[in-house]
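The structure under discussion appears below in the form of structure tokens.
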Amino acid sequence: MWNYMAFEELSALELQRIYKVRVAVFVVEQNCPYPEVDDVDLISTHIFKEENNELSAYMRVFPKEDMIHIGRVLVDREHRKSGLGRELVARGMEYIETIYPGMAIYAQAQAHLEDFYKSFGFETVSEVYLEDNIPHIDMVMPAGEMN
């Protein structure tokens with residue numbers, strides 16, 4: 001089941017599942033110690049899929065300046081290569097188009113996912129740079145260009 005929730009709508013159990021999978025992917029798997037839990041969670045809409053009481057896919061969406069940002073986009077290890085990442089981003093884009101129609105969308109993406117995001121209409125707007133020792137790029141879907 002897909003969920004779209006503001007921070008204050010999340011149950012303690014849902015929040016624990018979100019933090020558990022985010023830490024597993026972004027801190028443990030990527031060997032990247034950083035403060036995974038941040039204040040952006042408080043202003044985000046959390047989009048996630050639960051299967052068998054486990055979180056299988058997650059992203060957060062939040063407004064910032066003149067763009068909508070997507071972040072913490074992940075599919076847990078057991079569900080990768082199943083098309084779930086594509087479904088997750090597509091659902092996130094549909095949500096953004098409904099709630100923030102016509103706004104530009106920003107993603108700070110890991111560089112190896114550049115083609116994945118381009119397939120949704122994102123354009124690369126930076127050179128590759130290191131963020132927490134992982135190659136990243138900035139990508140934007142210009143305002144009004146969502147399919």
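When reading the values below, keep in mind they use all heavy atoms of this one structure, side chains included, and skip hydrogens, waters and symmetry mates.
Across every non-hydrogen atom of I137 and A111, the tightest pair is CG1-CA, 4.2 Å. Closest heavy-atom contact between G121 and P142: O-CD, 4.3 Å. Considering every non-hydrogen atom in both V37 and R22, the closest pair reads CA-NH2, 4.1 Å. Taking every heavy atom of both residues into account, D41 and F7 meet most closely at O-CB, 3.4 Å. Residues M59 and V89 come closest through the heavy atom pair SD-CA, 4.4 Å. In terms of heavy-atom proximity, A107 sits nearest to F122 at CB-CE2, 4.0 Å.
Using a 4.5 Å heavy-atom cutoff, the side chains of T45 and R60 are not in contact. Contact check for S56 versus L84: side-chain heavy atoms found under the 4.5 Å cut-off. Side-chain atoms of V140 and M67, non-hydrogen and from C-beta on, do get closer than 4.5 Å to each other. Counting heavy atoms from C-beta outward, E114 and F116 have side chains that stay 4.5 Å or more apart. Side-chain contact between R86 and F120 is present, with at least one heavy-atom pair separated by less than 4.5 Å. Residues F62 and I68 have side chains not in contact (no heavy-atom distance under 4.5 Å, counting atoms from C-beta outward). Two residues are said to be in side-chain contact when any heavy atoms from C-beta on lie closer than 4.5 Å; Y117 and I70 meet this criterion. No side-chain heavy atom of M139 sits under 4.5 Å from any side-chain heavy atom of Q108.
Side-chain contact check for W2 and E50: no donor-acceptor pair (N or O, by modelled atom type) lies under 3.5 Å. Residues R72 and S44 have side chains that never bring a donor and an acceptor to within less than 3.5 angstrom of each other. Using modelled atom types, one finds no donor on one side chain facing an acceptor on the other under 3.5 Å when comparing E131 with Q110. For the residue pair Y4/E9, the side-chain donor-acceptor check at 3.5 Å is not satisfied.
Separation of atoms OG1 (T98) and CE (M93) is listed at 11.5 Å; rounding is to 0.5 Å. Between the CG atom of N31 and the CD atom of E29 there is a distance of 11.0 Å, given to the nearest 0.5 Å.
Hydrophobic clustering (side-chain heavy atoms under 4.5 Å, transitive across Ile, Leu, Val, Met, Phe, Trp, Tyr) keeps I96 apart from V40. By the criterion of side-chain heavy atoms lying less than 4.5 angstrom apart, applied directly or through intervening Ile, Leu, Val, Met, Phe, Trp or Tyr residues, I43 is not grouped with V61; the two fall into different hydrophobic clusters. Using a 4.5 Å cut-off between side-chain heavy atoms of Ile, Leu, Val, Met, Phe, Trp and Tyr, with links allowed through other members, V27 and L74 fall into the same hydrophobic cluster. Follow the hydrophobic side-chain contacts under 4.5 Å out from Y19 and you reach L55 in the same cluster. Hydrophobic clustering (side-chain heavy atoms under 4.5 Å, transitive across Ile, Leu, Val, Met, Phe, Trp, Tyr) groups L42 together with V23.
When each of H46, R17, K49 is paired with Y58, the side chain to side chain donor-acceptor pair (under 3.5 Å) condition holds for H46 and for no other. The only member of I134, D132, D138 that meets side-chain contact (heavy atoms from CB on, under 4.5 Å) when paired with H136 is I134.
For E54 and R77, the salt-bridge test fails: no basic side-chain N is under 4.0 Å from an acidic carboxylate O. A salt bridge between K118 and E123 is absent, with no side-chain N of the basic residue lying under 4.0 Å from a carboxylate O of the acidic one.
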Can you check salt bridge (Lys or Arg N to Asp or Glu O under 4.0 Å) on E14 and K20, steps first, answer last?
CA-CA 10 Å; E14 288 164 332; K20 181 180 174 183; over 6 Å; no
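Under the side-chain hydrogen bond (donor to acceptor under 3.5 Å, both in side chains) criterion, H79 pairs with E51, D76, sequence neighbours left out.
A donor-acceptor contact shorter than 3.5 Å is absent between the side chain of R91 and the backbone of I47.
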